[in-house]
Amino acid sequence: MGLSVQGLRKRFGDVVALDGCNLIVDRGQLIGFLGPNGAGKTTTMRAILGLLSVDSGTITWDGEPMGIEHRRRVGYLPQERGLYQRMTLRSHVTYIGRLAGLDPSEAQRRADHWIERVGLTERHNDRVQDLSVGNQQRVQLAVALIHEPELLVLDEPFAGLDPVAVASLSEILLAQVAAGRAVVFSSHQLDLVQDFCRQVTILVHGRTVASGQVDDLRDASPRRRVRIRWAGEAPDWVPSEALQGVNHDRNISRFEVAAGTDPTVTIAEAATQARIVAVTFEPPPLDSVFLDLVSA
Amino acid sequence: MIATIARREIVARGRTRAYILTTVLVMVLAVGAVFLAVLFGDDGPREVTVGVVGELAPDVRAAVDAGSDADLVIGVRSGLSPGEVETLLDEQKLDVVVLDDRALLWSSNVDFQLASVLGGALRTEALLGGLEDAGLNRDGARQALAASTVTDELHDPPSDEDGVRAAVGAITAIASFIILQTYGSLVAMGVIEEKSSRVVEVLLSHVRPRQLLAGKVLGLGVLALVQATVLIAGLTAALSVTDTIDIPASVWQAIPVAVVWLILGFAFYAVMLGAAGSLVSRTEDAQQVILPVSLPLLLAYVFSVSTVTSPDTIVHRLLSYLPLTSPTVMPLRVAAGDVEAWEIGLSVLLLVVGIVVMTRFAARLYEFTLLATGSRITWRQALTLRFDQVEPEAVN
């Protein structure tokens, strides 16, 4: 049980923003919410937060329609900005804690805790505007976590972050998941998603087109990627099973075959050409699966 | 919750250099205005100089000397040549020149009090001359003319109080206008800032839109009231120290009235401006929505200038009842005196009703528009509360 979004539809005049969006985020689960620009990810998140009314569809938490009481237990990180630029970060995080219903001393205590957790203790008296984009994102995360929400909704939390910041943010999110919280974040940095998130939901033109384990989605691809490393220079060879040409690069050949192809047949054919050092036979990476879904 | 939001507004705005500076400035201006009024207000009698080519007849001279009073001191320079007269007029050392006992040549404008004294004396002298020529004894003729003197009396003499009322009224109108305009705009700007920075999305996941609007209006209202109090305290302190100006009772009545109307007027305008602010999402567009809402305030201010002199015309009475204009016009009418109790009651009632209606409308508008970022919402959509056509900002 956790968050369940079913059949969300929303039009803005002639523009269809959502056209059958489904999203399930269980407790203790981290879901990457993927989709090209304009797919409706932010609209869905705003609908979950009650910031936007939808034309049809349901949003429930633990089976109950998401109401104002449930939404009090949601932490939200809007895409970029989302902070008062002239407030100091300690007073800002404390203020949001107060709005979330914490008493002054508790809000203060938790603000200090989360500022420390996101690694900004030394800068707690600085104004938000004096922080870098990455550090502002950390403050936003502290704001989203101040009331220890059961559900975290994060809109592009990794946008504009350097690898170090991405690592520390991922670590905090994984800790939240381990603590049993439901976490959903949107992103278009697919390489990053594949690294630390096992489950994704993919939205295209307002419609959920795929949802599940990253590995399962990759396995479901109708293609496999073959990479052969030769002992010497790659031979001038076109595999009979290759779907579209071959890419030879010094001692490596890359090509794709249909998913049902028997690897041993391909390898046996290759072995007749030259001596092989290594072979990989894998489903395409997430970004390739994603592109297939988007262009379909 | 509203108190928490209000407190943030107070701390965020109240600590800015701009707020502290303007508060100090208001105090300095209030005290300074009183001292300037004392310094220049009572500048003693007017001193005028009459130039005479040749000499004045003794009777004329006596009448001119007798014409000086508390307001006017008449000096005479006689025995001037026409050339000297020309030079002295150019140098503005003469206010008027008597030519041939019959004509007055004024320097640049006619001083009617002096004209009355001088013209009367010259006319009397001419008349006496004529009567003498007709064979009458001069003394007898003078006595006969003295009996014909007409005296002027004022039923309602102007007093210093009128000046003080006008001054207090003007200060009240200017202060109300500036405070309503400034802090009302700050409410609108604050709403736009929250919308453009998307802080509002985080805030609204914790509080309701109307709580947010109420907290903002309350917080900025407190800051506005602090400055108004500083202004009033500065004025009264300076007035009580100088002790040279008598304050009419109606002025003391006008101060609490002005404060009440300031609070109510602020609530009315701030709520309206807050809702107007939610129509746009970029600070560059702020003036587009602030201007149409604050226009009635500007008109009321312009009208309030004439309220000081004619507080009881139909138009001014009407303006002092209507919620859009009463915050600046009614305190002025009270300062000018003679406002019936029922008029004050009616005005307050209409303003309170206006606040209730406006708050309901504004809160709905605010809720609808707060999250519609991107293209500007038209007034037509706003007034009909129809937003299905509003597209959201392109988001990733």
Side-chain angles (χ1 to χ4, degrees), chain A residues 10-15 17 35-43 45-46 48-53 55 68 71-87 91-92 94-102 104 107 128 140 143-144 146-147 149 153 155-156 159 186-188, chain B residues 1-19 189-209 211-212 215-216 219 281-283 367-375 377 381 386-396:
Chain A
K10 173 74 181 175
R11 293 175 75 95
F12 296 104
D14 295 334
V15 181
N37 292 346
K41 301 188 296 292
T42 298
T43 305
M45 290 185 160
R46 286 183 176 173
I48 294 168
L49 269 294
L51 299 175
L52 186 92
S53 65
D55 301 333
I68 184 98
R71 289 188 174 115
R72 286 186 184 284
R73 299 197 294 269
V74 180
Y76 178 50
L77 182 150
Q79 186 183 1
E80 296 169 18
R81 302 173 283 181
L83 297 169
Y84 287 108
Q85 291 294 311
R86 281 190 285 271
M87 280 182 97
S91 56
H92 201 312
T94 308
Y95 174 59
I96 302 296
R98 294 280 292 126
L99 292 188
L102 303 175
V128 170
Q140 284 210 37
V143 161
I146 180 81
H147 56 306
V153 177
D155 199 356
E156 294 283 353
S186 68
S187 181
H188 53 246
Chain B
M1 203 58 74
I2 293 173
T4 306
I5 296 165
R7 192 176 312 118
R8 195 206 77 88
E9 294 293 334
I10 294 169
V11 171
R13 295 275 176 201
R15 277 193 191 156
T16 59
R17 212 166 293 149
Y19 182 76
M189 295 299 292
V191 169
I192 297 169
E193 185 199 336
E194 283 171 359
K195 216 179 148 180
S196 72
S197 71
R198 302 225 183 138
V199 174
V200 73
E201 296 182 15
V202 174
L203 302 179
L204 289 188
S205 57
H206 297 292
V207 297
R208 293 168 191 275
Q211 289 177 312
L212 201 54
K216 192 170 279 297
S281 28
R282 294 181 308 162
T283 43
E367 284 174 18
F368 270 110
T369 55
L370 211 45
L371 294 157
T373 49
S375 55
I377 295 153
Q381 286 169 330
R386 285 187 61 83
F387 304 107
D388 354 346
Q389 303 304 309
V390 179
E391 280 178 38
E393 188 179 6
V395 284
N396 300 323

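Letters A, B, ... mirror the listed sequences (proteins, then strands); counts begin at 1.
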Checklist entry - Given the options A144(A), P78(A), G75(A), G82(A), which has more heavy-atom pairs under 4.5 Å with chain B than any of the others? => result G82(A)
Item to check | Most contacts with chain B, counted as non-hydrogen pairs under 4.5 angstrom, among H147(A), R86(A), R71(A) | outcome: H147(A)
Next on the checklist: Testing the basics here: between V200(B) and K195(B), what is the closest heavy-atom pair and its distance to 0.1 Å?
Outcome noted: CG1-CA, 4.1 Å
Next on the checklist: Testing the basics here: between Y84(A) and V199(B), what is the closest heavy-atom pair and its distance to 0.1 Å?
Outcome noted: N-CG2, 3.4 Å
Checklist entry - Residues in ring pair (Phe, Tyr, Trp, His ring centres under 6.0 Å) with Y76(A), at least two apart? => result none
Item to check | chain B contact via I68(A) - side chain, backbone, both or neither, heavy atoms under 4.5 Å | outcome: side chain
Checklist entry - Which bit of E194(B) comes within less than 4.5 Å of chain A, counting heavy atoms only: side chain, backbone, both or neither? => result side chain
Next on the checklist: Run the salt bridge (Lys or Arg N to Asp or Glu O under 4.0 Å) test against K10(A) and tell me which residues pass, sequence neighbours left out.
Outcome noted: none
Item to check | Any residue meeting salt bridge (Lys or Arg N to Asp or Glu O under 4.0 Å) with R208(B), in chain and number order, not counting sequence neighbours | outcome: none
Next on the checklist: Please identify, among R8(B), Q211(B), H206(B), the residue contributing the most non-hydrogen atom pairs under 4.5 Å to chain A.
Outcome noted: R8(B)
How long is the gap from [atom1] on [X] to [atom2] on [Y], to the nearest 0.5 Å?
{"X": "L99(A)", "Y": "R72(A)", "atom1": "CG", "atom2": "CZ", "result": "10.0 Å"}
{"X": "L52(A)", "Y": "L204(B)", "atom1": "CG", "atom2": "CG", "result": "12.0 Å"}
{"X": "T283(B)", "Y": "M189(B)", "atom1": "OG1", "atom2": "CE", "result": "6.0 Å"}

Next on the checklist: Quick check on the structure: residues of residues 11-19 of chain B within a heavy-atom distance below 4.5 Å of chain A, by number.
Outcome noted: none
